[in-house]
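Side chains included, hydrogens not; waters and symmetry mates left out as well; all remaining heavy atoms used. By convention in this document, chain letters (A, B, ...) are assigned in the order of the sequence lines, proteins followed by strands, and residues within each chain are numbered from 1.
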Amino acid sequence: MATAKKAAEQSNLPFAYTQYSHEQLRDVLRKMYLIRRFEEGAEDSYMRGLIHGTMHLSIGQEASAMGICMPLTDEDQITSTHRGHGHSIAKGADVKKMFAEFFGKTTGYCKGRGGSMHIADVSKGNLGANGIVAGGIPIAVGAALSAKRLGNGKVVVSFFGDGANNEGAFHESLNMASIWKLPVIFVCENNGYGMSTSTARSTAVANIADRAAAYSMPGVIVDGNNFSEVAEASHAAIERARAGEGPTLIESKTYRYRGHSKSDRNRYRTKEEIEDWMTNRDPITLFETELKEFGVIDDKGIEAIREDVAREIAEGIEFAKEGPMPEISDLAQFVYTEEVA
Amino acid sequence: MDAAVRELSYSQAIQEAMAIAMEADERVILMGEDIGVYGGAFQVTGDLVERFGPDRVMDTPISELGGAGVAVGAAVTGLRPIFEFQFSDFATLGMEQIVNQAAKMRFMLGGEVSVPVVMRFPAGSGTGAAAQHSQSLEAWLAHVPGLKVIQPATPHDVKGMLLAAVADPDPVMIFEHKLLYKMKGPVPEGHYTVPIGKAEVRREGRDLTIVATSIMVHKALEAAETLAGEGIDIEVIDLRTIRPIDRETVIESVKKTSRLMCVYEAVKTLGIGAEISAMIAESEAFDYLDAPIVRLGGAETPIPYNPELEKAAVPQVPGIVAAARDLAKGVR
């Protein structure tokens, strides 16, 4: 086994193919499909009036979520964003309980109190999506402070978007993580737009990773639509964090196919731009092509994954529909920690 | 056997409470600006860094938003941080993490986490520090479900309530009036708690109830002593906690005295006095009232620098005496 790994390392294979087994790689593809179909299923349920409120879809960003989370353990923690469905699934969440949450049911992850924007799964280390841009970044630094002080070996990943890089919380957090050498990885998923405002119009530096220099940490740019490239950067940052060498800023350049939220009329970008990303840079298509090229999977295998994912999504939606609504009399539950008798 | 009781200042009592909490529980850490070798802007942490080291008495950069968020994140993941805002006014810089994150995280996550963070806010006027270092913003935070907000008025209470706060699974905000820091009073040695959510009747009386918070408790007691010489018998309630409010103690007192006055330093409009007044108006005590309720609060201005103007901007003893006399005698 060791020799096989060494041989792979010496070859020119991309990182993921030297690091993960074929079975693991097929599972990555499966999860990328699971994220996409989950979001399509959520969107469809929203259109049919089964889900209210709004949602922020990450369709097109699946490789970024999977690449970052692949080297993490279940004990490692993440903070996520309003566009956090992919992070949640990549970190191991059950789509049944996610759908149930979107449907406002007590069988959901947050018992119907949080919805899409506050999806969390503490048992798998997901400390929660966040409705406030950059709101989760200092919380991730705090979790990393706990990890260091308690000596439990955990690392923490803070996901955020390009919009967050102009919030004060981002800058304050990177600075503190650096001066205290905390085991945290800052992952900026730059999809080019903070709502409608492009990074070119909002951000003084060409790359958000350039901000890292101001806080004396490595700033790494990766193609966020290339699973292996993202996983390689994540792996290196996690090793550095676990070794006590401090934080890293990873900028994962990607693209969201859908609008910012359900109110988006798409007036700030062209059809051609969107189609170009969908046709030429789709993370799932790219990964599939690569997997076939390296003999990890064939068309039949891909078809089996698609069918399996479709079944899991359908079951998830059924589970959500069947779950009970919260009792109105429980409105005030969870505001404070209940007295333990 | 009762613990020995000594005279300690309010700030010494806080420091002792923090030291006891840190001795008892490795997870308790202190965070804040210049709380290490400097000892804190008001010398509340003092020499604790020498005892517990810089890893547990952590100087933060001047980053109130990020710092508060780090404390929240640490609380959710196993530590018990006590975070000091150097001045309560700087809560304005940390509001996002306090209001959107600390207060709501348990609720949003359906009870999957608790946020056992304590935040300390040196508050109030009287130090000549002018408009941005003298505010009383406790009602802002008391408006937010998920937070607990306390205003201990004595060295005894601040020690016991801080120890209760550290043991509390939810976020507790402590507003400490800066003019109380040097005030001395009896403080038992060792560990004890004073419950959050319980008011204290500081002086029993028959003619009029004054509900006061923080430093105004002492001013109200002074006014009550003055009026006792005129035969007016005032009951003074130290509210101690403004979320959750101890309704029962206030309602029972008003039923007894039939007159209510609220005295607090924060800006009068939409302050704690409005809440107490509305609470009485909505309760069975309303039928017992013999006179309209009176509120004495801060002026509708920022806190001025000039010392005479500064005093005029918040209730003082002569004003409380005059208003209480009028109310007790039915003069309007």
Should Glu64(B) and Glu172(A) count as side-chain neighbours, where that means a heavy-atom distance under 4.5 Å?
no
Residue from Asn100(B), Ile62(B), Leu93(B) scoring the most non-hydrogen pairs under 4.5 Å with chain A is Asn100(B)
Side-chain touch Ile132(A)/Gln97(B), heavy atoms, less than 4.5 angstrom:
no
Got more than 12 heavy atoms from elsewhere within 6.0 Å of CD, Gln132(B)?
no
Within 6.0 angstrom of Glu284(B) CD, more than 12 heavy atoms from elsewhere
yes
Among Gly114(A), Gly131(A), Gly135(A), single out the residue with the greatest number of heavy-atom pairs under 4.5 Å to chain B.
Gly135(A)
Give the member of Gly146(B), Pro145(B), Ala71(B), Pro169(B) that has the highest number of heavy-atom pairs under 4.5 Å with chain A.
Gly146(B)
How about Glu248(B): does its CD atom have over 12 heavy atoms from other parts shown lying under 6.0 Å from it?
no
Is there side-chain contact between Asn130(A) and Gln101(B), with heavy atoms separated by less than 4.5 Å?
yes
If I measure from the heavy atoms of chain A, does Glu26(B) come under 4.5 Å with its side chain, its backbone, both, or neither?
both
Return the CZ to CD distance between Arg106(B) and Glu338(A), rounded to the nearest 0.5 Å.
4.5 Å
Asn175(A) portion near chain B, given a 4.5 angstrom heavy-atom threshold:
side chain
Nearest 0.5 Å please: distance from the CG atom of Leu79(B) over to the NZ atom of Lys148(A).
12.5 Å
Nearest 0.5 angstrom please: Met31(B) CE to Met176(A) CE, how far?
7.0 Å
Closest non-hydrogen atoms of Phe107(B) and Leu331(A), given as atom of the first, atom of the second and distance, are CE1-O, 3.7 Å
Between Val122(A) and chain B, with a heavy-atom cut-off of 4.5 Å, which part of the residue counts as in contact: side chain, backbone, both or neither?
side chain
Shortest non-hydrogen contact between Ala74(B) and Ser146(A), atoms and distance
O-OG, 3.0 Å
Side-chain heavy atoms of Leu127(A) within contact of Thr77(B), under 4.5 Å:
yes
Highest number of heavy-atom pairs under 4.5 Å with chain B among Ala134(A), Ser173(A), Ala143(A) belongs to Ala143(A)
Check the surroundings of atom CD1 in Ile179(A): do more than 12 heavy atoms from other residues, nucleotides or ligands lie under 6.0 Å from it?
yes
CG-CH2 distance between Asp55(B) and Trp180(A), expressed to the nearest 0.5 angstrom:
11.0 Å
Counting heavy-atom pairs under 4.5 Å to chain A, which of Glu96(B), Met108(B), Lys104(B) comes out on top?
Met108(B)
Given the rule in the side-chain contact (heavy atoms from CB on, under 4.5 Å) test, do Leu145(A) and Met58(B) qualify, once you have shown the distances and angles that lead to the verdict?
CA-CA 11 Å; Leu145(A) 177 67; Met58(B) 292 178 66; 3.8 Å; yes
Please state whether the side chain, the backbone, both or neither of Gln333(A) comes within less than 4.5 Å of a heavy atom of chain B.
backbone
What closest approach, in Å, do Gly66(B) and Pro138(A) show between heavy atoms, and which atom pair accounts for it?
O-CB, 3.7 Å
For Leu147(B), is it the side chain, the backbone, both, or neither that has a heavy atom closer than 4.5 Å to a heavy atom of chain A?
backbone
Which portion of Asp121(A) sits near chain B, non-hydrogen atoms under 4.5 angstrom
neither
Does any non-hydrogen side-chain atom of Glu112(B) lie less than 4.5 Å from one of Tyr109(A)?
no
